[in-house]
Structures are given as structure tokens and as C-alpha cells.
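Here the structure is laid out as C-alpha cells; the discussion comes afterwards.
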Amino acid sequence: MPSLRHNADFPHDERFAVLDSRQGWLAHTFSLPRSLRTWLSDHGSLTQRLKSRCTSFRVVPLETGLARANADEYALLGVAPGTRVYVREVLLLCNDVPVVFAHSVLPSAGLRGGWNGITRLGSRSLGEALFSDHRIERQPLAYRRVRNDHPLFRAAARQQAVAASSLWARRSIFCLNRIRSW
């Protein structure tokens, strides 16, 4: 299965638009390979979809804690470049095979507010937490082919064998009490 990102279906809000074509993120699915399009653009719970297709499902935490965000994440989070943010990286496994590398980012200010539970998720799925809280709003998805020089590709490659020279990714912003995360 392809490397995917969490997805949900929340109202659109132009203030937090994810599209930034200057950095390679696209708002439409036209450029996605047909074989990945339904996975990357699905508006249901990715965790639930994966669970329905495998006998055993696990979340394996990789990295959690304060770190610098990727260059293309600062503006979306509304924080100054170089600011340390809370980063959570996990692998989602189906039948003990890594199928998704997930990278979530949260401004450190959110750790004192409604998002503080993210630091205690451990091996629980972020998607399940997002879908269970009706206060969380989700902004539109954006898609990108990440090549081997992008930090997301390098992070995924450190955790699993990546035979390709690029991977497809998706991202969106989740808002809770006006604090953005993804």
C-alpha cells in the first residue's frame, strides 16, 4: 500500500488553505496516480479503512517531541520559521507491514490547550482521536509528490525500505479552538 496521511471530512475554511503550489502542494487530485487517488483523496477515516483491510493493525510511535517543523509547514501553522513545534511521527502497520508513515505537527502553544492530549497518544491512532472530537474542524486536503530531497521522504526512508525515488503525500490542517495542527 502507498504512504498515506490521515483524512477526515470537516468544513472548509479559506483562512487556513493548505494549497501552496510554490512548494509543490496541490489542491486537486488530477496529478495523482489513479492507483493511489482513492486512498489519498478519501474523506473517511484512514485508520478505519486500513483496519477493515487487515487482520491486525498497529500504530508504532517513532519520534515525538519538540523539534523544528519542515520549511513548508511554518506558514500553515502560523508560527515563525525556526520555531520549535511538537512533532509526532508514526508508522501504521497492517499485518505487521508498514503501509503509512504519518507526520503530525502542532504549534507548542497548543500543548497547553485542547491539543495537549496528543502528547499522550502513545500507540493510539491520531485519526481515532480526531474523529471522536466534534469540536475539531478539518480544512481541505493538499497533495504532493515528495522526492528524496524532501524532509518527509527522508524521514519515511529512515523507517522503512523505500525503493522509489518519490512518495505521494497528503496533508490538511485540523483546527481546535483556533489552534492549527496536522
Side-chain angles (χ1 to χ4, degrees), residues 1-10 13 16-20 23 25 39-51 57-79 81 83-93 98-133 135-144 146 150-160 167-182:
M1 276 188 216
S3 291
L4 304 174
R5 314 248 339 155
H6 172 74
N7 192 1
D9 189 19
F10 291 102
D13 186 335
F16 306 125
V18 173
L19 175 64
D20 186 351
Q23 301 208 3
W25 291 95
W39 279 97
L40 291 170
S41 63
D42 185 277
H43 290 280
S45 166
L46 178 60
T47 298
Q48 289 306 314
R49 187 170 182 185
L50 290 170
K51 283 181 173 183
F57 174 84
R58 284 190 307 135
V59 176
V60 178
L62 302 170
E63 302 286 333
T64 58
L66 292 177
R68 291 196 179 2
N70 295 329
D72 60 354
E73 296 171 336
Y74 286 110
L76 296 174
L77 292 170
V79 297
T83 303
R84 290 170 52 93
V85 297
Y86 183 79
V87 176
R88 181 178 192 248
E89 294 181 342
V90 301
L91 282 178
L92 305 183
L93 280 64
V99 293
V100 174
F101 169 77
H103 169 88
S104 305
V105 184
L106 173 70
S108 56
L111 296 175
R112 294 181 299 276
W115 289 109
N116 67 357
I118 286 179
T119 62
R120 297 185 304 273
L121 284 174
S123 61
R124 289 181 297 146
S125 163
L126 175 60
E128 289 176 347
L130 293 173
F131 276 100
S132 65
D133 191 334
R135 300 172 301 159
I136 296 174
E137 294 181 40
R138 181 176 199 206
Q139 306 311 310
L141 286 166
Y143 312 93
R144 179 181 180 171
V146 291
H150 193 280
L152 288 176
F153 182 96
R154 291 193 304 267
R158 281 194 307 268
Q159 305 304 328
Q160 58 188 8
L167 300 170
W168 282 95
R170 70 181 189 177
R171 73 178 181 187
S172 70
I173 296 171
F174 294 88
C175 296
L176 174 63
N177 300 330
R178 296 182 173 222
I179 297 177
R180 306 174 210 176
S181 175
W182 73 79

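Just so it is clear, the model here is predicted, and its values are computed rather than measured.
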Residues passing the side-chain contact (heavy atoms from CB on, under 4.5 Å) test with R58, sequence neighbours excluded, are V60, L93, D96
Run the side-chain contact (heavy atoms from CB on, under 4.5 Å) test on V85 and V79 for me, step by step, so that the C-alpha distance in whole Å, both residues' side-chain angles and the decisive distance to 0.1 Å come before the verdict. CA-CA 9 Å; V85 297; V79 297; 4.2 Å; yes
Minimum heavy-atom separation for A156 and L167, please, with both atom names. CB-CD1, 3.9 Å
Could you state the interatomic distance from CG (L77) to CG (L106), rounded to the nearest 0.5 Å? 8.0 Å
Close side-chain approach of I173 and L76, heavy atoms under 4.5 Å: yes
Heavy-atom closest contact (T119 atom, N116 atom, distance): OG1-O, 2.9 Å
So with a 6.0 Å cut-off around CZ of R68, is the heavy-atom count from everything else above 12? no
Nearest atoms (heavy-atom pairs only) where F101 meets A155: CZ-CB, 3.5 Å
Treating R88 as the side-chain partner and L62 as the backbone partner, does any N or O pair qualify as donor plus acceptor under 3.5 Å? no
Closest non-hydrogen contact found for S172 with P140 is CB-O, 3.3 Å
Between T47 and G127, what is the shortest heavy-atom contact and its length? OG1-CA, 4.3 Å
Distance (rounded to the nearest 0.5 Å) between L176 CG and R135 CZ: 5.0 Å
Do N70 side-chain atoms and D72 backbone N/O form a donor-acceptor pair below 3.5 Å? no
Side-chain (R124) to main-chain (V59) donor-acceptor, under 3.5 angstrom: no
Heavy-atom nearest pair, V90 first then P61, reads CG1-CA, 3.8 Å
Spacing of S108 atom OG and L66 atom CG [to the nearest 0.5 Å]: 6.5 Å
So, using side-chain contact (heavy atoms from CB on, under 4.5 Å) as the criterion, who are the partners of E63 when residues are at least two apart? E89
To the nearest 0.5 Å, tell me how far F57 CZ sits from S125 OG. 5.5 Å
Taking the side chain from S132 and the backbone from E128, do they hold a donor-acceptor pair closer than 3.5 Å? yes
Atom pair CH2/CG of W115 and D133 - distance to nearest 0.5 Å: 7.5 Å
Ring of W25, cation from R171 - is the NZ or CZ under 6.0 Å from the centre and inside 45° of the axis? yes
Check each of L130, L126, L111 against I118 using the side-chain contact (heavy atoms from CB on, under 4.5 Å) test, and report the only one that passes. L126
Interatomic distance, L46 atom CG to L92 atom CG [nearest 0.5 angstrom]: 6.5 Å
Return yes if some donor-acceptor pair links the side-chain N/O of R170 with the main-chain N/O of Y143 below 3.5 Å, else return no. no
Who pairs with R49 by salt bridge (Lys or Arg N to Asp or Glu O under 4.0 Å), at least two apart in sequence or on another chain? D42
